[in-house]
There are 2 protein chains.
Amino acid sequence: MLFLHKSKVQINPMAKSSITINDIARELKVAPSTVSRALNNSRKISEATKKKIVEKAEELGYNLNMVASSLSRKTTNTIGVVIPVINNHFYNEVVNGIEEIASNRGYRILISQTKESFHKEEEIMRTMSATRVDGVIACLSRETKTTGHLIKLEKSNIPLVLFDRVNYDFQCRKVIIDNFSVMEQSVSHLARSGYKNIAHLGGPTSCNVYSEHARAFSETLKKENLPLHPQYHLASDITEEDISEAMKIWFSLKVKPDAIISVNSNAALLVSKLAKELHLAIPENLAIVSLTSEPALQYVEPQITSVELPGTDIGRTSMKFLLEEIRYRNRKFDTTIKPFQLIIRNSSFHNH
Amino acid sequence: MLFLHKSKVQINPMAKSSITINDIARELKVAPSTVSRALNNSRKISEATKKKIVEKAEELGYNLNMVASSLSRKTTNTIGVVIPVINNHFYNEVVNGIEEIASNRGYRILISQTKESFHKEEEIMRTMSATRVDGVIACLSRETKTTGHLIKLEKSNIPLVLFDRVNYDFQCRKVIIDNFSVMEQSVSHLARSGYKNIAHLGGPTSCNVYSEHARAFSETLKKENLPLHPQYHLASDITEEDISEAMKIWFSLKVKPDAIISVNSNAALLVSKLAKELHLAIPENLAIVSLTSEPALQYVEPQITSVELPGTDIGRTSMKFLLEEIRYRNRKFDTTIKPFQLIIRNSSFHNH
DNA sequence: TTCATCAATGCAAGCGATTGCACATATAAA
DNA sequence: TTTATATGTGCAATCGCTTGCATTGATGAA
């Protein structure tokens, strides 16, 4: 292919201003408003004029300036998506769900990651508000304890839907999982399979998800008449170091755990690896259950039992709720609880 | 917990219009231009006035309207990121690299996925152009063969940097991997380890990355004096079905492959799983090499040899290049080749 | 023929910032 | 004291599009 002609480099430091509706209007000797209406397919414009205008727009290579349009319309057709991190299976699925609905309805999405920093989350909310997104869907950072930044968002009249990690003190629509039940089912499953000394590698309890896990862990152990060793009930930031250290400590105790419930799949994979290094047979000596899923869990040996969360569904639902608020401004504060599934694989099931 | 007080619902269908610089100006009896300058910390405004204005802005809960600002300034401080899919380790890393540099320099990023559809890619480019992003960083879809949409983008004076999957016919800055070398090193490694019948599970050759793999595969086999069985040289869309089918066919042949080079890590993981189901010992009966990496490769047994691509680095570099073009409008058309690393793990190395 | 009605288009005022230029003080230099 | 030079603000146009209202000419009803 030859680009000799087209590749004429434009050296001007300033962008050559592009074609506007005024250019079209001038060429056709009509009013800019007519051009605007025609391009928006208003039915107040005759078909003949529309055709003429559309053709001329095509000819001149006109491209709508959304910035101007947004300013005038007071709506950007953009929705902000705030997630802790982007490289995570669950959030990827949620984003996919959001995007699916959004793009169907003509909305763009602006993704930002908090990297689990409250400070960054605050800043992101300010930016979302400044860019005048039409709405925000967010999953709070682990550090987030207060809601001042959410209240500000609300004050700027930007609808907000929270998912997964939420703050119950803040009034808005929420799409969540029954985290208590997630843990309850996990513990019960392990109990039924004959495991007695169950450890919990949990997240920081400042976050609702993890505090609910923690509560369910204690309560269910009691219900199942299983011992709750305080040192088996860990809440940490779940870094690789945290996990290694926990494993080291646990397996140097007199009574060692025979099952570990891990807050997420990354941690579970690491636990599985470390367990193998300790020559522990899975699931005979040690069971592993992960409270979130990702494909890799099915590729390791043995496959790891995990809780499947409906990420895409959560995304879709959140987006639909948000659209309702955007369109009809009917603020609702109800919380939707999505179903999950405990998928039992070989890491936690054997005949004692 | 009680929500009674906070739940005062605002029923108004219309967003209460927010505070503008004019409101601040009126209250303080100064000109809007003064407010604008003060908030932008212009040094033409006295410190006293600035203080007054900033305080009033704070008091009224003022929040800059970026839309208006963008229209006036003719720049959005937003850069568009176009990737095939979001749920992919490599692209996640690239996005992280981009975001790191971008947020340091005060840029937001707008992420869109093509889902490997050329049609969607075209549409995304139109949107990017309409929203007047200051620049675009893109990795082309597998289907993309033509560059009309890129030329249009260029015509709207939006700088573009391509990474990984590029089109050599299109003039712009590119950040890529030496795909030929990736394959060459993989084949040579397998040859050195004593494998003879190497199969290639490749991607569609319409895409430069995969066609380079394919060429390197043939050439390196020849160089290493190894047989090239045409049926071992596969180019497909790499769906799960494609892979299953390929495996079925290959292992029903008279001469079965003793090594498989898989175009990406998902495929490699699946191959590894299927191989186990066929009771093939890895790496004794079958070696596996993946041409991209993800953490899961280190969790499976045996760990899978793979090519580590510098995703974050690619992202950072692309963003830096883009910023140069945005800032100085110095169009350069050079291609940067980033180093990769073949990490040899247990799936491809044993003592024959 | 006259008046109401309607369809098609134009006029002009926004939207909320930014910015070149003019203008008023104040200060310094002559 | 007069003139040059800063310094700090205000004026008004502008960015490109949207939209309420006015206008025009044509059509149909009275």
Side-chain angles (χ1 to χ4, degrees), chain A residues 14-54 56-57 60-77 127 129-134 156-157, chain B residues 14-54 56-57 60-78 129-134 156-157:
Chain A
M14 283 308 295
K16 185 172 45 186
S17 65
S18 44
I19 309 295
T20 74
I21 55 169
N22 299 302
D23 299 325
I24 299 177
R26 197 177 331 105
E27 293 240 343
L28 256 30
K29 300 194 197 313
V30 296
S33 50
T34 304
V35 176
S36 172
R37 290 194 179 98
L39 294 176
N40 282 302
N41 202 16
S42 152
R43 50 176 141 152
K44 313 205 74 177
I45 302 294
S46 73
E47 288 307 320
T49 321
K50 268 187 203 169
K51 183 152 175 286
K52 208 171 58 176
I53 289 175
V54 169
K56 181 58 85 176
L60 298 180
Y62 170 79
N63 193 319
L64 170 67
N65 184 333
M66 293 269 199
V67 179
S69 177
S70 293
L71 178 59
S72 179
R73 286 203 157 116
K74 287 167 164 285
T75 164
T76 54
N77 272 37
T127 304
S129 164
T131 50
R132 299 295 193 264
V133 293
D134 292 346
S156 342
N157 236 285
Chain B
M14 282 308 294
K16 190 171 40 189
S17 66
S18 45
I19 309 297
T20 73
I21 54 170
N22 299 302
D23 299 326
I24 300 177
R26 197 178 332 105
E27 292 240 344
L28 254 32
K29 300 194 197 312
V30 295
S33 50
T34 303
V35 176
S36 172
R37 290 194 180 99
L39 294 175
N40 283 302
N41 203 15
S42 151
R43 51 178 140 148
K44 312 206 75 178
I45 302 294
S46 73
E47 289 306 320
T49 318
K50 268 187 203 169
K51 183 154 175 288
K52 209 172 54 178
I53 289 176
V54 168
K56 181 58 85 178
L60 298 180
Y62 170 78
N63 194 319
L64 170 66
N65 185 331
M66 292 270 198
V67 179
S69 178
S70 293
L71 177 61
S72 181
R73 284 204 158 116
K74 287 168 165 284
T75 163
T76 53
N77 272 38
T78 302
S129 164
T131 51
R132 299 296 194 264
V133 293
D134 292 347
S156 346
N157 236 286

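Side chains included, hydrogens not; waters and symmetry mates left out as well; all remaining heavy atoms used.
- Computed from coordinates, the Leu64(A) CG to dG16(D) C1' distance equals 9 Å when rounded to whole Å.
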Nucleotide N/O to protein N/O under 3.5 Å, stretch nucleotides 25-27 of chain C:
none

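- Not counting sequence neighbours, the partners of Thr20(B) by the side-chain contact (heavy atoms from CB on, under 4.5 Å) test are Asn22(B), Asp23(B).
- Atoms CD1 (Ile21(B)) and C1' (dC11(D)) sit 13 Å apart, rounded to a whole Å.
- Contacts between residues 39-52 of chain B and DNA chain C, defined by a heavy-atom separation under 4.0 Å, are made by Asn40(B).
- Axis angle, first five pairs versus last five pairs of the helix from dT1(C)-dA30(D) to dA30(C)-dT1(D): 50°, rounded to 10°.
- Spacing between atom CG of Asn22(B) and atom P of dC15(C) amounts to 9 Å, rounded to whole angstrom units.
- The shortest heavy-atom contact between Thr131(B) and Thr76(B) is O-CG2, 3.6 Å.
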Extract from the structure each pairing of a protein N or O with an N or O of nucleotides 10-13 of chain C at less than 3.5 Å, listing the distance.
| unit_1 | atom_1 | unit_2 | atom_2 | d |
| --- | --- | --- | --- | --- |
| dG10(C) | OP2 | Ala31(A) | N | 2.8 |
| dG10(C) | OP2 | Thr34(A) | OG1 | 2.3 |
| dG10(C) | O6 | Arg37(A) | NH1 | 3.4 |
| dG10(C) | O6 | Arg37(A) | NH2 | 3.3 |
| dC11(C) | N4 | Ser33(A) | OG | 3.0 |

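- When all heavy atoms of Glu27(B) and Lys56(B) are compared, the pair lying nearest together is OE1-NZ, 3.2 Å.
- The interatomic distance linking Leu71(B) (CG) with dT14(D) (P) rounds to 14 Å, in whole Å.
- If you take CG on Asn40(A) and NZ on Lys50(A), they are separated by 10.0 Å, rounding to the nearest 0.5 Å.
- Taking atom CD1 of Ile24(A) as the reference point, atom P of dC17(D) lies 8 Å away to the nearest angstrom.
- The CG-C1' distance, from Asp23(B) to dG16(C), rounds to 10 Å in whole Å.
- In this structure, CG on Leu71(B) lies 10.0 Å from OG on Ser70(A), to the nearest 0.5 angstrom.
- Under a 3.5 Å cut-off, the side chain of Ser72(B) and the backbone N or O of Ala68(B) do not form any donor-acceptor pair.
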Mind running side-chain contact (heavy atoms from CB on, under 4.5 Å) on Asn77(B) and Asp134(B) for me, showing each step along the way?
CA-CA 6 Å; Asn77(B) 272 38; Asp134(B) 292 347; 3.9 Å; yes
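- At dG16(C), one or more side-chain N or O atoms of Lys74(A) fall inside 4.0 Å of OP1 or OP2 (strictly under the cut-off).
- Picking from dT18(D), dG16(C), dG16(D) the nucleotide with the shortest atom distance to the side chain of Asn65(A) gives dG16(D).
- Listed by chain and number, the residues in a salt bridge (Lys or Arg N to Asp or Glu O under 4.0 Å) with Lys52(B) amount to none (sequence neighbours excluded).
- The CG atom of Leu28(A) sits 11 Å away from the P atom of dT9(C) (whole-angstrom rounding).
- The two residues Ala38(A) and Ile53(A) have their closest heavy-atom pair at CB-CD1, 3.5 Å.
- Using a 4.0 Å cut-off, some side-chain N or O of Ser69(B) falls inside it from OP1 or OP2 of dT18(C).
- For the atom pair Ile21(B) CD1 and Ser36(B) OG, the distance stands at 5.0 Å (nearest 0.5 Å).
- Listed here is the closest heavy atom pair of Thr49(A) and Ile45(A): CB-CG2, 3.8 Å.
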Using side-chain contact (heavy atoms from CB on, under 4.5 Å), reason through Leu39(B) and Tyr62(B) one step at a time and then give a plain yes or no.
CA-CA 10 Å; Leu39(B) 294 175; Tyr62(B) 170 78; 3.6 Å; yes
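- The structure places CG of Asn157(B) at 10.5 Å from CZ of Arg132(B), a figure rounded to the nearest 0.5 Å.
- A pairwise comparison of heavy atoms in Ala31(B) and Ala25(B) identifies C-CB, 3.9 Å as the closest pair.
- Within the 4.0 angstrom heavy-atom criterion, only backbone atoms of the sugar-phosphate kind lie near Thr20(A); the bases stay farther away.
- Put simply, CZ on Arg132(A) is 9 Å from C1' on dG16(C), counting in whole angstrom units.
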